[in-house]
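Quick notes on the structure that follows.
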Protein chains: 2
Amino acid sequence: MKEGPDIALIGSLIGDPARANMLTALTGGKALTATELAATAGITVQTASSHLSKLETGGLLTQRKQGRHRYFALADDDVGLMIEGLMGFAAYRGFTRHRTGPKDPALRKARVCYNHLAGDYGVRMLDSMLAEEVIGGAGDKLTLTKAGEERMAALGIDLPALRRSRRPLCRTCLDWSERRSHLAGSLGQALLTLFLDKGWARREVESRAVCFTATGEKAFLRLFPVAG
Amino acid sequence: MKEGPDIALIGSLIGDPARANMLTALTGGKALTATELAATAGITVQTASSHLSKLETGGLLTQRKQGRHRYFALADDDVGLMIEGLMGFAAYRGFTRHRTGPKDPALRKARVCYNHLAGDYGVRMLDSMLAEEVIGGAGDKLTLTKAGEERMAALGIDLPALRRSRRPLCRTCLDWSERRSHLAGSLGQALLTLFLDKGWARREVESRAVCFTATGEKAFLRLFPVAG
DNA sequence: TCAATGCTTCGATCACGATCGAAGTATCAG
DNA sequence: CTGATACTTCGATCGTGATCGAAGCATTGA
């Protein structure tokens, strides 16, 4: 009864539909204002403000003041991973809100998972990196190989800078649509940023979907081939 | 707003303290009756019954009639993994109910995680199996190697029987106390059963703790050595 | 300085759900 | 059949928390 961690607190925070909607929206990775979040949740700003303060004291969100705006974002990677995990469970159980929306195929193909690439393409990328031994490791412990370091540096990724942060370089994140792992961590984030910067893909507005251009798709698939 | 899976449903199911207590109790792996669950949650049987039916229609529990008793258990491995995931997140955030109870050290050392071994010993076991290449694989994809098959068979584990079931043989499960992975899946379950059958360890009553005997501990550590 | 925007705080309302007593159903032992 | 145990269903109560209107701060721009 009173042993172990308290999951009820977190459950109740996520259990309210309005809060769940806001958290889901923030899983898109962008920091959003209170008014934006209120709109997506379908409530007034007052209620949203109340919810946001609860989520903040619960440690799920951080806020950043910028002029007269306050931008809210998920507190850190762990929150994103936890929510993705719940979404995976919910999706597997068929707890979907509207069966399958029109954007659903696009989301399953490629989407933003907090700050890295998810969906079919995300899973493919990690698969390919493991097959080509760019990334090695056992269990949930992923490490960048020597060959991997060269590949990443050649792509223009500043590894020393990533290593300077305390966040882990590589970690796995369970994909809710594929039910397989994709690459998270600061390297996962850096790779997604790279794709966007190179113009290989762009983010859909008002959605988590990531839309690859024709040339971007080719380049991506060449960079991360799949066996068979 | 209406894209993606609905996490609020699951959140609200877990969000009630009484239900969270029951689920936590059931993470111990044993099937429990409604009266037992009511006692651990500190509520009457009527309320417990109401909660249990909600959890069942939510797909988190299954019930099995046996005479005039009804035994409740977690629906499957996925539910256990999901709850352990939440516990990990909650523990890391310091959402503990009573700081650290007296049983806490024992729980951190070795405990039951739904149906397999968790805690320090659980993490050690997987580490050792990976180092000795009994289990191979990268990311979340764990596989038993040829050498591993022999080792497991020598221990008296009936691999063909395990393979006959549809459940995955090996999978990772995030440990909330160690924040590392331990071995789940049917093999993880079979190994814990083996330890208990061999008398190497026994389950604490009314707790998730697993208590190793002196000889059992020696045998376990010999079987799963750690480098360094 | 004034007006406009973005957000929070206060206060009141209201609904949902947790809770338990009482009664009803099922199973078992004699 | 009778009594006992295990659990569910019904009905009523009650408290918590979600919600929004109105007012209060804070920041920006003119």
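Numbered from 1 within each chain, the chains take letters A, B, ... in sequence-line order.
- Listed by chain and residue number, B:I157, B:L159, B:L169, B:S186, B:L187, B:A190 satisfy the side-chain contact (heavy atoms from CB on, under 4.5 Å) test with B:L162 (two or more places apart in sequence, or in another chain).
- Under the ring-ring contact (aromatic ring centres under 6.0 Å, His included) criterion, A:Y121 pairs with A:F212, A:F220, sequence neighbours left out.
- Under the 4.5 Å side-chain criterion, counting only non-hydrogen atoms from C-beta, A:L142 is in contact with A:L126.
- By the side chain to side chain donor-acceptor pair (under 3.5 Å) test, A:T44 pairs with A:Q46, A:T47, sequence neighbours left out.
- For the pair A:K65 and D:dA26, the criterion of a side-chain N or O lying under 4.0 Å from OP1 or OP2 is not met.
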Hey, what are the protein-to-nucleotides 2-5 of chain D N/O distances that come in under 3.5 Å?
residue	atom	partner	partner atom	Å
D:dT5	O4'	B:R68	NH1	3.4

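- Close approach of DNA chain C to chain A, defined as any atom under 4.0 Å from a non-hydrogen atom of the protein, starts and stops at C:dA4 to C:dT9.
- Between atom CG of residue A:L55 and atom CZ of residue A:R19 there is a gap of 6.0 Å, rounded to the nearest 0.5 Å.
- With sequence neighbours left out, the side-chain contact (heavy atoms from CB on, under 4.5 Å) criterion links A:T35 to A:T33, A:V45.
- With axes fitted over five pairs at each extremity, the angle between the ends of the helix from C:dT1-D:dA30 to C:dG30-D:dC1 is 20° (10° resolution).
- Counting non-hydrogen atoms under 4.0 angstrom, A:Y71 reaches nothing in the nucleic acid.
- When each of A:G67 and A:A18 is assigned the nucleotide of DNA chain D with its nearest heavy atom, A:A18 is the one assigned upstream, toward the 5' end.
- In this structure, CD of B:E36 is placed 10 Å from P of D:dA6, rounded to the nearest angstrom.
- Atom pair A:L13:CG and D:dT16:P shows a separation of 17 Å (rounding to whole Å applied).
- With B:L26 as reference, B:L74 is the one residue of B:N21, B:L74, B:L60 to meet the side-chain contact (heavy atoms from CB on, under 4.5 Å) rule.
- Contacts between residues 43-56 of chain A and DNA chain D, defined by a heavy-atom separation under 4.0 Å, are made by A:I43, A:T44, A:Q46, A:T47, A:H51, A:K54.
- Judged as a side chain to side chain donor-acceptor pair (under 3.5 Å), and not counting sequence neighbours, A:D158 has no contacts.
- Taking the six-membered ring where tryptophan is involved, the planes of A:F195 and A:F224 are perpendicular, since the angle between them exceeds 60° and thus also 30°.
- No option in B:E178, B:E217, B:E204 other than B:E217 meets the salt bridge (charged side-chain N to carboxylate O under 4.0 Å, His left out) test with B:K109.
- A search for ring-ring contact (aromatic ring centres under 6.0 Å, His included) contacts involving A:H51 returns nothing, not counting sequence neighbours.
- B:D78 is linked by a side chain to side chain donor-acceptor pair (under 3.5 Å) to A:R179, B:R171, counting only residues two or more places apart in sequence or in another chain.
- Sequence neighbours left out, the pairs with a member in residues 64-75 of chain A that pass side chain to side chain donor-acceptor pair (under 3.5 Å) are A:Q63-A:R70.
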